[in-house]
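What follows is a single structure, written as structure tokens, with notes after it.
Quick note on labels: first sequence line is chain A, next is B, and so on, each numbered from 1.
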Number of protein chains: 2
Amino acid sequence: MRIGEIAALVGVTSRAVRHYHHIGLLPEPARQANGYRAYTVREAVLLARIRRLTEIGLSLDEVRDVLADDAGRELGEVLAELDADLARQEREIQERRQVLAALLEAPLTSDGPLSPALAALLDHAPATTSPAAAKDREHLALLDAAGDGAGAELFAALRPLAENPGVLALYERLDALEGAGADDPRIAPLAAELAAAVPDEVLAVIPEGEPSATGLGRVLLDDYPPAQRAVVRRVMEELAERVRRRGTA
Amino acid sequence: MRIGEIAALVGVTSRAVRHYHHIGLLPEPARQANGYRAYTVREAVLLARIRRLTEIGLSLDEVRDVLADDAGRELGEVLAELDADLARQEREIQERRQVLAALLEAPLTSDGPLSPALAALLDHAPATTSPAAAKDREHLALLDAAGDGAGAELFAALRPLAENPGVLALYERLDALEGAGADDPRIAPLAAELAAAVPDEVLAVIPEGEPSATGLGRVLLDDYPPAQRAVVRRVMEELAERVRRRGTA
DNA sequence: CTTGACCTTGTCGCAGCGTCAACGTTTCTA
DNA sequence: TAGAAACGTTGACGCTGCGACAAGGTCAAG
């Protein structure tokens, strides 16, 4: 038999047969005078075994192990292991499909899929085209993905703020500061009003220490132009002050 | 932020981030004077989106499509497609696990897993250490894997032969011919008795034409030493004769 | 004699990074 | 203050199981 014949007989491609030769899974048969491989029943039987095993789902390495092991016992182990592996994969797929179903249920935001906690928060926030609000949402999405797990509590605590219709005006005032200087007189009053709007529940989940100490806080601040950055910094200072007062009270 | 920081923040490895740069999925940020990449919130938000999407199971190419598409509609399509794909994978895994369960149920032969039809046949054959019988089993396993589908009927038809205790003696006489010449006097009577032992049901599933015409028949014959080959050829001729007689009768 | 269907070896490609290698930078520690 | 540990840089190979191509040689049929 030539390679195409044995391949067709067993139901694999010639390329696969050569591949099995290459990795030493199937011994190379003798050659004809023209250089063609001359296959016998020996190789055909071996190749058929290989195909049956790979069809079940064994890797070529596992097939090699099973074939090398003279005892048929190894096969049982490998199959049991394989079944366990498949069971795990099945669970993973089911979990992912559940996540997918939940995502397809909810309205798709342009920021991609979000955690349920953040999705609930944004769902209750009023629609707006404010760039500052958009930036806020980006920052929240980043916290969401940061995976430190503290996100969910923060999002729940921010719920009253999101439902407060007054924040829209504050966002607009923040937008107005986009090109302003760090010494703009509108900074102080806006920061005061913003800090006042933050509900007490949020204080509990604010990380301690200077925000600029952690890399994330510094980077988030750096994301704003000067005047807006000054506002955000003042708000954070104000909140820190409230935390201290609450601690001593 | 440096690469390690943004990677830890979002929950991927630095290597993955560099990989995303390499394939153009995440834009390269500006560099610091020392050559280090200097990340901002912009990249962090993007990277977080990428991670969420890949976590769901999107390929990097799909992630690129979703991110490139300004409309959030594309995402829905991709997710639906992904869910269909996962459903298909789930079905495949379940099917494979069923096959596995059936295999683990049956006793494991040293020839590896076999089709139910052949397994049933071998299960009813008496235990023997005859080399000729072993060769027969190999040939049957090869037919089993040949996938032409004609195997199952043949195996069913061979059932009476397997259960016939007389075949053991015939196998032993065949074994005795291993080193004999093609003109050995024991060939003719053994062939006659073997052919007589083959049940009529087998005749219906024997492929027509000369066995040496098909590649498989020739190769199977070549697998035997001369005297045994002569026996097998005579048996096949005898069976072909019976087919003809049955056809005209 | 040509055409087409085989065969040969060798190489690249695939997905998504992990893992060296070989080297420069920053930062902590003794 | 020096040295080590822990970062960063680019570049390249490895993994799985072959598919696909290149650039031929071989063989049977028209």
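The side chain of N34(B) places an N or O atom within less than 4.0 Å of a non-bridging phosphate oxygen (OP1 or OP2) of dT26(C). The phosphate of dG18(C) (OP1 or OP2) has a side-chain N or O of T13(B) nearer than 4.0 angstrom. In this structure, R15(A) does not reach the dG13(C) phosphate: none of its side-chain N or O atoms is under 4.0 Å from OP1 or OP2.
Following rounding to the nearest Å, Q32(A) (CD) and dG25(D) (P) show an atom-to-atom distance of 19 Å. The nearest whole Å value for the distance from the NE2 atom in H22(A) to the C1' atom in dT16(D) is 13 Å. Between the C1' atom of dG17(D) and the CG atom of D61(A) lies a distance of 11 Å, rounded to the nearest Å. The NE2 atom of H19(A) sits 9 Å away from the P atom of dT16(D) (whole-angstrom rounding). Rounding to whole angstrom units, CG of residue L58(A) and P of dG17(D) are separated by 10 Å. A straight line from CG of D65(B) to P of dA15(C) spans 13 Å, rounded to a whole angstrom. Atom-to-atom, CG of L47(B) to P of dC17(C) comes out at 11 Å; the value is rounded to the nearest Å. Look at OH on Y39(A): it is 11 Å from C1' on dT8(C), rounded to the nearest Å.
Around the CD atom of Q98(B), the shell of radius 6.0 Å holds no more than 12 heavy atoms that belong to other residues, nucleotides or ligands. Within 6.0 Å of CZ in R88(B) there are more than 12 heavy atoms belonging to other residues, nucleotides or ligands.
S59(B) comes within contact range of the sugar-phosphate backbone alone, with a heavy-atom separation under 4.0 Å but no base atom that close.
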Extract from the structure each pairing of a protein N or O with an N or O of nucleotides 5-7 of chain C at less than 3.5 Å, listing the distance.
| from | atom 1 | to | atom 2 | distance (Å) |
| --- | --- | --- | --- | --- |
| dC7(C) | OP1 | G4(A) | N | 2.5 |

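E95(A) places no side-chain N or O within 3.5 Å of a backbone atom of E92(A) that could act as its donor or acceptor partner. At distances below 3.5 Å, not a single donor-acceptor pair connects side-chain atoms of R97(B) with backbone N or O atoms of E90(A).
For the helix from dC1(C)-dG30(D) to dA30(C)-dT1(D), the end axes, each set by the C1' atoms of five terminal pairs, are bent relative to each other by 20° (nearest 10°).
Nearer the 5' end of DNA chain C, as judged by each residue's closest nucleotide, is the contact made by E28(A), out of V17(B) and E28(A).
The aromatic rings of Y224(B) and H139(B) stand perpendicular to each other, their planes meeting at an angle above 60°, with 30° marking the opposite boundary.
For E241(B) and R244(B), the salt-bridge test passes: some basic side-chain N is under 4.0 Å from an acidic carboxylate O.
A search for ring-ring contact (aromatic ring centres under 6.0 Å, His included) contacts involving Y20(B) returns nothing, not counting sequence neighbours.
Remark: E28(B) CD to E43(B) CD distance equals 9.5 Å, nearest 0.5 Å.
Here the shortest heavy-atom pairing between E62(A) and G57(A) reads OE1-O, 4.4 Å.
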